[in-house]
Amino acid sequence: MRSTRAAAVGAVTLSLALAATACGGGSSTGGGSDASPKTLTYWASNQGASIAVDKKVLQPELDRFRKQTGIKVELEVVPWSDLLNRILAATTSGQGPDVLNIGNTWSASLQATGAFLPWDAKNFGKIGGKDRFVDSALGSTGAQGKDPAAVPLYSMAYALYYNKQIFADAGISKPPATWDELVADGKKIRAKGKSVLGAEGANVSENIHHVFVFAKQQGADFFTPDGKPDFTNPKVVDAVKSYVDLMAKDKAIPTGDAEYAQNQSVSDFAKGKQAMLLWQSAASNLKSQGMSDDAYGIAPVPVRTGTPGAGTQVNSMVAGINIAVFKNSHNLDGAVKFVKFMTSDAEQKTLNEAYTSIPPVKSAQSDAAFNTPATAVLKQTLATSAAALPQVPSESQFETTVGTAVKELFADAAAGRTITSDSVRAKLEKAQQQMPAA
């Protein structure tokens, strides 16, 4: 999921346990139709540096779709800070789009509402088949054993972006491969008067993405195999503490970043204020802020020991955007045609190149445009060392409760309070108590 512009994506005020009713102009009976075959409404997530940038990217493609099919697509680009709540409201109010983008981490939670067209073999057949998509992207489309609730649209992964000049000035010859190396490099960087590593400590979704990876590197999960929260597992506690300790103990993350939630760490990196940044597919964002491609390098996110790979060497969540259809749309046939168009080889190349993301469609991913040094790290990560966030119905509440707990721990660290295993466990226990009953 893309969370670069989300201050509190997970701040859900509506219950996912509510059953879905009418959406996309459909009737309250919940059935779809083709009563309005000439129009579609589309909620696109904010992928570019601004909503205006997204409209500039998307409108020519929507015009191309209209020329091919005669169907006009009415576009609204929705900020990440509003998107999940807007979607949840649509599942209950009957006022929503025909087609929409969703963060891939929300797939199972939104699937549980029953509001979305299931992508069974028949529906996948209408867009060229399920086997067109890479396995890592398909792993974040809904609960295991159920037909996916959405189709992969953009794939992303976290990487370590590092400022070449700051590294050279500090006498560092290569990016760190482990967290210990990053902390050691940080001492050299601070000695030169620069900040070490950017973070968005007040962004609950960014927090979740990172502590999830730290937990996987500890060999731990936030949920048991049967989907029950296990937030106070000792390894989970250690993982969360290790992440927050990058600020509290290691002084790698500046204390001011505890309040960051809206791309400020990206801006700091682009302006040369800090040496490193952990981010999803950041190239287009950095370019829009005036940072040249040759000013920074891209490396895999560090692991505890060795190099990234399978098992505990996971170094990214499977990030990305899926595209979904409300099943009671008044233009079901047109909505499926639009998904086919957006996931076609040509559109996958155009859109993912514009957003410096990776196509989840195999044939498009092999295009030369996605074989640059910048995308090589992201592709390798997605193929070998990324894991999907828990595909459980309570995933969005997990983002809210645990992400907020980490936000509070960063605030404590910034205020100079000691972060102990007991204080971390207490925050996580409170978060677990706030989760819905299984």
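Counting begins at 1 with the first residue of the sequence.
- Between W80 and W106, the ring planes are perpendicular. Angles over 60° get that label, and only those under 30° would be called parallel.
- Between the T372 side chain and the T375 main chain, a donor and an acceptor come within less than 3.5 Å of each other.
- Aromatic pair Y42/F338: centroids less than 6.0 angstrom apart.
- A salt bridge is defined here as a Lys NZ or Arg NE, NH1 or NH2 lying under 4.0 Å from an Asp or Glu carboxylate O, and R132 with D345 meets this definition.
- Counting only distance, with no hydrogens or angles, the side chain of Q365 and the backbone of P360 share no donor-acceptor pair below 3.5 Å.
- Between the S329 side chain and the F326 main chain, no donor and acceptor come within less than 3.5 Å of each other.
- The closest donor-acceptor contact from the side chain of Q264 to the backbone of A261 lies under 3.5 Å.
- For the pair D268 and V266, the minimum side-chain heavy-atom distance is 4.5 Å or more.
- Under the ring-ring contact (aromatic ring centres under 6.0 Å, His included) criterion, F410 pairs with Y243, sequence neighbours left out.
- Annotation: ring-ring contact (aromatic ring centres under 6.0 Å, His included) contacts of W179 (sequence neighbours excluded): F214.
- Residues P300 and V377 approach most closely at N-CG1, 3.8 Å, considering heavy atoms.
- Residues V336 and L117 have side chains in contact (heavy-atom distance under 4.5 Å, counting atoms from C-beta outward).
- Taking S107 as the reference, N322 meet the side chain to side chain donor-acceptor pair (under 3.5 Å) condition, with sequence neighbours excluded.
- More than 12 heavy atoms of other residues, nucleotides or ligands lie within 6.0 Å of CD in Q68, so this atom counts as buried by the packing criterion.
- Partners of K241 according to the side chain to side chain donor-acceptor pair (under 3.5 Å) rule, which considers only residues two or more places apart in sequence or in another chain, are D245.
- Side-chain contact between W279 and M156 is absent, with no heavy atoms from C-beta onward closer than 4.5 Å.
- Counting only heavy atoms from C-beta outward, the side chains of L378 and S281 approach each other to under 4.5 Å.
- Distance alone, capped at 3.5 Å, is enough to place a donor-acceptor pair between the N207 side chain and the G403 backbone.
- The number of heavy atoms from other shown groups lying within 6.0 Å of NZ (K72) does not exceed 12.
- When atom types are taken as modelled, the side chain of N104 and the backbone of S140 share no donor-acceptor pair closer than 3.5 angstrom.
- When all heavy atoms are compared, the tightest approach of L58 to A44 is CD1-CB, 3.6 Å.
- In this structure, S267 and Q289 approach most closely via the heavy-atom pair OG-OE1, 2.7 Å.
- Contact between V303 and Q313 at its shortest, heavy atoms only, is CG1-O, 3.5 Å.
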Residue pair Y161, L278: steps toward the side chain to side chain contact (heavy atoms under 4.5 Å, CB included) verdict:
CA-CA 6 Å; Y161 295 79; L278 298 175; over 6 Å; no
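- In E259, the CD atom is not crowded: 12 or fewer heavy atoms of neighbouring residues, nucleotides or ligands sit closer than 6.0 Å.
- Without hydrogens or angle criteria, D82 side chain to V78 main chain gives no donor-acceptor distance under 3.5 Å.
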L351/V57 under side chain to side chain contact (heavy atoms under 4.5 Å, CB included): CA gap, chis, key distance, verdict
CA-CA 7 Å; L351 295 172; V57 169; 4.0 Å; yes
Can I get a per-line list of side-chain donor-acceptor pairs under 3.5 Å for residues 121-130, giving both atom names and the distance, sequence neighbours left out?
from, atom 1, to, atom 2, distance (Å)
N123, ND2, P118, O, 2.9
N123, ND2, D120, OD1, 3.4

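- Side-chain contact between Y296 and M291 is present, with heavy atoms from C-beta onward closer than 4.5 Å.
- Side-chain contact check for Q218 versus T312: every heavy-atom pair is 4.5 Å or farther apart.
- Judged purely by atom type and a 3.5 angstrom limit, T113 uses its side chain to pair as donor or acceptor with the backbone of L110.
- No donor-acceptor distance shorter than 3.5 angstrom exists from the side chain of D257 to the backbone of Y260, with no hydrogens or angles considered.
- H209 and Y158 have perpendicular rings, their planes meeting at more than 60° on a 0 to 90° scale where under 30° would count as parallel.
- Residues passing the salt bridge (Lys or Arg N to Asp or Glu O under 4.0 Å) test with E76, sequence neighbours excluded: R86.
- Residues Y154 and Q47 form a side-chain contact, since some pair of their non-hydrogen atoms from C-beta on lies under 4.5 Å apart.
- Remark: the backbone N or O of P302 is paired with a side-chain donor or acceptor of Q217 at under 3.5 angstrom.
- Residues passing the salt bridge (Lys or Arg N to Asp or Glu O under 4.0 Å) test with D135, sequence neighbours excluded: none.
- The salt bridge (charged side-chain N to carboxylate O under 4.0 Å, His left out) contacts involving residues 274-288 comprise nothing, where partners must be two or more places apart or lie in separate chains.
- A pairwise comparison of heavy atoms in K349 and A369 identifies CE-CB, 4.2 Å as the closest pair.
- Every residue two or more places apart in sequence or in another chain that forms a side chain to side chain donor-acceptor pair (under 3.5 Å) with N315 is listed here: S385.
- The salt bridge (charged side-chain N to carboxylate O under 4.0 Å, His left out) contacts involving residues 43-70 comprise E61-R64, R64-E347, where partners must be two or more places apart or lie in separate chains.
- The nearest pair of heavy atoms linking Q274 to S265 is NE2-O, 3.0 Å.
- By the ring-ring contact (aromatic ring centres under 6.0 Å, His included) test, F370 pairs with no residue at all, sequence neighbours left out.
- Rounded to the nearest 0.5 Å, atoms CD1 (I358) and CG (L382) are 7.0 Å apart.
- In terms of the side chain to side chain donor-acceptor pair (under 3.5 Å) criterion, T39 has no residue partners (sequence neighbours excluded).
- Checked for salt-bridge contact, D221 and K216 meet the test: a charged N lies under 4.0 Å from a carboxylate O.
- The closest side-chain heavy-atom distance from K427 to E408 is below 4.5 Å.
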